[in-house]
Amino acid sequence: MKRNGMKRVSYAIAAGAVLGAVSFTAFASPIAGVVGMTSTDTVTAEANSYSTMAGVSLTVANILSDASSGKASEVAANGAAVVAKSIYEGIAIAQVDNYVNIRTIPSEDGDVVGKLYNKSAATVEATEGDWYKITSGSCTGYVKQEFVVVGDEELAKSVSTRLATVTTQTLYVREEATTDSKIVFMVPEGDDLVVVDESMADTGWVLVNVQDTQGYVSTEFVTLSTEFVQAESKEEEAARLAREEAERQAAAAAARRKTAGSYYTGNGSASYAAPSGAGGAAVVSYAAQFVGNPYVYGGSSLTNGTDCSGFVMSVYSAFGVGLPHSSAAMRSVGYGVDVNAMQPGDIVCYSGHVGIYAGNGTIVNALNQTHGITYTNVNYSPILAVRRIY
């Protein structure tokens, strides 16, 4: 059973209030293919959203509504560590080979309402015999206790991802935690960066991964959130599978409409072959022609300069496939595949970066101003998602 139906939920952690109970109440959004990572770490947030690996944005409502005044005082005395601990303590994590069925009653005779995938998160509503009643995503039902681990803070942390979502037009990533420090990278609004160290958060800075380096970003210009995988209902699974098949057929049809040949492009004398054929191998063959061309922040020209998401977008555009100019949004395009099942042409998403899997453990990507469009080891940085178009 594939794991490409997994959904990820962002929990807000309030600065100054402990989460007494976390609500997973979700409402479907009509927006598909866009990552909706807008949950905040502020007490005033009343509706937060989470992105799904199937490309649908859902909303987590009133996540901070159960914070009590007594616990708020405790946080004021003990700081953010108490806040972080509370959110992880109340989460159940699935520990299975693939998924465990969520049933309508605490019995294997109950109807299946959804699937709780390995390492995905839920809240425990009640205990009945050797079953837990859980809520995860849009699913509420029962799972055997033996398939989930409750109250393991370290496990919950290990299966979550702490993200900083850019809220300004261009975010500067700096070498040191000061505005006087050298700018090592720039990141566009809406992109997600993986947070690797929050020990300086009280000073207004966090350390993040970005492409092939690390640097500090000001918390004034990012929204911090924690991402978990959640359950998928039977209806959501059926809709996802139908959508994925439609996307595959549309992409293949668009590629077939493209004619083989050669054409001139750029401002020099270089000639590049037009897209030929369909499928991931054809995508890689086309993209490889542009290795050596420059990296330009915000660009999308395969010849005169492009950034990472502009490169992937422009390569796939040549095959008739429209993609967003955002590495974060590309985590929701196509359909998800396991990192161990990558094929040439798959889109590989990282913290603030994206590339195209070229096979043999490499990606072809617009890396940075120093290296331009180049080949990079696929594991050069932790992989957040792998998305397949064909």
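Reckoned from all heavy atoms, side chains included, excluding hydrogens, waters and symmetry mates.
Side chain of Thr362 to backbone of Gly359: a donor-acceptor contact under 3.5 angstrom is found. Remark: the backbone N or O of Phe221 is paired with a side-chain donor or acceptor of Thr167 at under 3.5 angstrom. Put simply, the side chain of Thr135 never gets that close to the backbone of Thr140: no donor and acceptor are under 3.5 Å apart. Without hydrogens or angle criteria, Arg174 side chain to Ser181 main chain gives a donor-acceptor distance under 3.5 Å. Remark: side-chain polar atoms of Thr170 are not paired, donor with acceptor, to backbone N or O of Pro188 under 3.5 angstrom. No donor-acceptor pair closer than 3.5 Å links the side chain of Glu244 to the backbone N or O of Leu241. When atom types are taken as modelled, the side chain of Ser314 and the backbone of Gly310 share a donor-acceptor pair closer than 3.5 angstrom. At least one donor-acceptor pair closer than 3.5 Å links the side chain of Tyr357 to the backbone N or O of Gly361. At least one donor-acceptor pair closer than 3.5 Å links the side chain of Thr306 to the backbone N or O of Phe311.
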Problem set entry | From CA spacing to verdict: side-chain hydrogen bond (donor to acceptor under 3.5 Å, both in side chains), Asp197, Ser199 | CA-CA 6 Å; Asp197 186 357; Ser199 62; 2.9 Å; yes
Exercise. Which is it for Ile347 and Arg388 under the side-chain contact (heavy atoms from CB on, under 4.5 Å) test, yes or no, and what are the steps along the way?
Worked result: CA-CA 6 Å; Ile347 298 171; Arg388 183 168 296 165; over 6 Å; no
For this session: Go through the steps for Val194 and Leu384 under the test side-chain contact (heavy atoms from CB on, under 4.5 Å), then give the verdict.
Result: CA-CA 9 Å; Val194 173; Leu384 294 182; 3.7 Å; yes
Exercise. Can you check salt bridge (Lys or Arg N to Asp or Glu O under 4.0 Å) on Arg331 and Asp192, steps first, answer last?
Worked result: CA-CA 10 Å; Arg331 290 166 56 197; Asp192 296 326; 2.8 Å; yes
Exercise. Do Asp191 and Thr165 pass the side-chain hydrogen bond (donor to acceptor under 3.5 Å, both in side chains) test, and can you show the C-alpha distance, the side-chain angles, and the key distance before you say yes or no?
Worked result: CA-CA 6 Å; Asp191 268 14; Thr165 302; over 6 Å; no
For this session: Might you work through the side-chain contact (heavy atoms from CB on, under 4.5 Å) test for Asp338 and Val386, ending with a clear yes or no?
Result: CA-CA 7 Å; Asp338 191 273; Val386 179; over 6 Å; no
Exercise. Taking it one step at a time, do Ile93 and Val148 satisfy side-chain contact (heavy atoms from CB on, under 4.5 Å)?
Worked result: CA-CA 5 Å; Ile93 305 297; Val148 297; over 6 Å; no
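Environment of CD in Glu146: crowded, with over 12 heavy atoms of neighbouring residues, nucleotides or ligands closer than 6.0 Å. Other residues, nucleotides and ligands place more than 12 heavy atoms under 6.0 Å from the CG atom of Asp130.
Residues Leu367 and Ile373 do not share a hydrophobic cluster, clusters being chains of Ile/Leu/Val/Met/Phe/Trp/Tyr side chains in contact below 4.5 Å. A chain of hydrophobic side-chain contacts below 4.5 Å, direct or via other Ile, Leu, Val, Met, Phe, Trp or Tyr residues, connects Val354 to Phe319. Under the 4.5 Å side-chain heavy-atom criterion for ILVMFWY residues, no single connected hydrophobic cluster contains both Val296 and Val315. Following chains of ILVMFWY side-chain contacts shorter than 4.5 Å, one cannot reach Val229 starting from Leu116, and the two form parts of different hydrophobic clusters. There is no path of hydrophobic side-chain contacts, each under 4.5 Å, that joins Tyr117 to Ile134.
Taking the side chain as every heavy atom from C-beta outward, Asn101 and Glu108 never approach each other to under 4.5 Å. Residues Pro106 and Lys133 fail the side-chain proximity criterion, which asks for heavy atoms closer than 4.5 Å. Contact of the Trp205 side chain with the Glu220 side chain is not registered, since no non-hydrogen atoms from C-beta on lie closer than 4.5 Å. Contact annotation: the side chain of Ile356 never approaches that of Ile363 to less than 4.5 Å [non-hydrogen atoms, C-beta and beyond]. Inter-residue side-chain proximity for Val187 and Val173 is flagged as met; some heavy-atom pair is nearer than 4.5 Å. A heavy-atom distance below 4.5 Å is found between the side chains of Leu224 and Glu198. Tyr272 is listed as a side-chain neighbour of Thr303, based on a closest heavy-atom distance under 4.5 Å. At a threshold of 4.5 Å between non-hydrogen side-chain atoms, the residues Val333 and Pro324 count as touching.
How far CE of Met313 is from CG of Leu323: 8.5 Å, rounded to the nearest 0.5 Å. Rounding to the nearest 0.5 Å places OG of Ser120 at 12.5 Å from NZ of Lys115. One distance of note links NZ of Lys144 with CD1 of Ile102; it measures 15.0 Å at 0.5 Å rounding. To the nearest 0.5 angstrom, Leu155 atom CG is 9.5 Å from Ser160 atom OG. Atom CG of residue Asn118 and atom CG of residue Asp97 lie 7.5 Å apart, to the nearest 0.5 angstrom. The distance from the CZ atom of Phe147 to the OH atom of Tyr99 is 12.0 Å, given to the nearest 0.5 Å.
Taking the six-membered ring for Trp and thresholds of 30 and 60 degrees, Tyr286 and Phe290 have ring planes more than 60 degrees apart, a perpendicular arrangement.
A donor and an acceptor atom, one from each side chain of Gln214 and Asn209, are located under 3.5 Å apart. A donor-acceptor pair shorter than 3.5 Å cannot be found between the side chains of Ser327 and Ser309. Counting only N and O atoms by type, the side chains of Asn365 and Thr374 include no donor and acceptor under 3.5 Å apart.
Ring to ring, Phe185 and Tyr297 are not that close: their centroids are 6.0 angstrom or more apart. Taking the six-membered ring where the residue is Trp, the centroids of Tyr142 and Tyr132 are separated by 6.0 Å or more.
Nearest heavy atoms, Gly129 versus Gln145: O-NE2, 2.9 Å. Contact between Tyr380 and His353 at its shortest, heavy atoms only, is OH-CD2, 3.0 Å. Minimum interatomic distance between Val166 and Val222 (heavy atoms only, all atoms of both residues): CA-CG1, 4.3 Å. Shown here for Val283 and Tyr390, the closest heavy-atom pair between the two residues is CG2-CE1, 3.6 Å. Ala177 and Met200 get closest at one heavy-atom pair: CB-CE, 3.6 Å. For Ser136 against Ala121, the heavy-atom pair with the smallest separation is OG-O, 2.6 Å.
Salt-bridge annotation for Arg240 and Glu236: absent, with no side-chain N of the basic residue lying under 4.0 Å from a carboxylate O of the acidic one. At a threshold of 4.0 Å, the pair Asp109-Arg103 does not count as salt-bridged, since none of the basic side-chain nitrogens sits closer than that to a carboxylate oxygen.
Test Val195, Leu193, Leu163 against Ser351 for side-chain contact (heavy atoms from CB on, under 4.5 Å) and you get one pass: Leu193.
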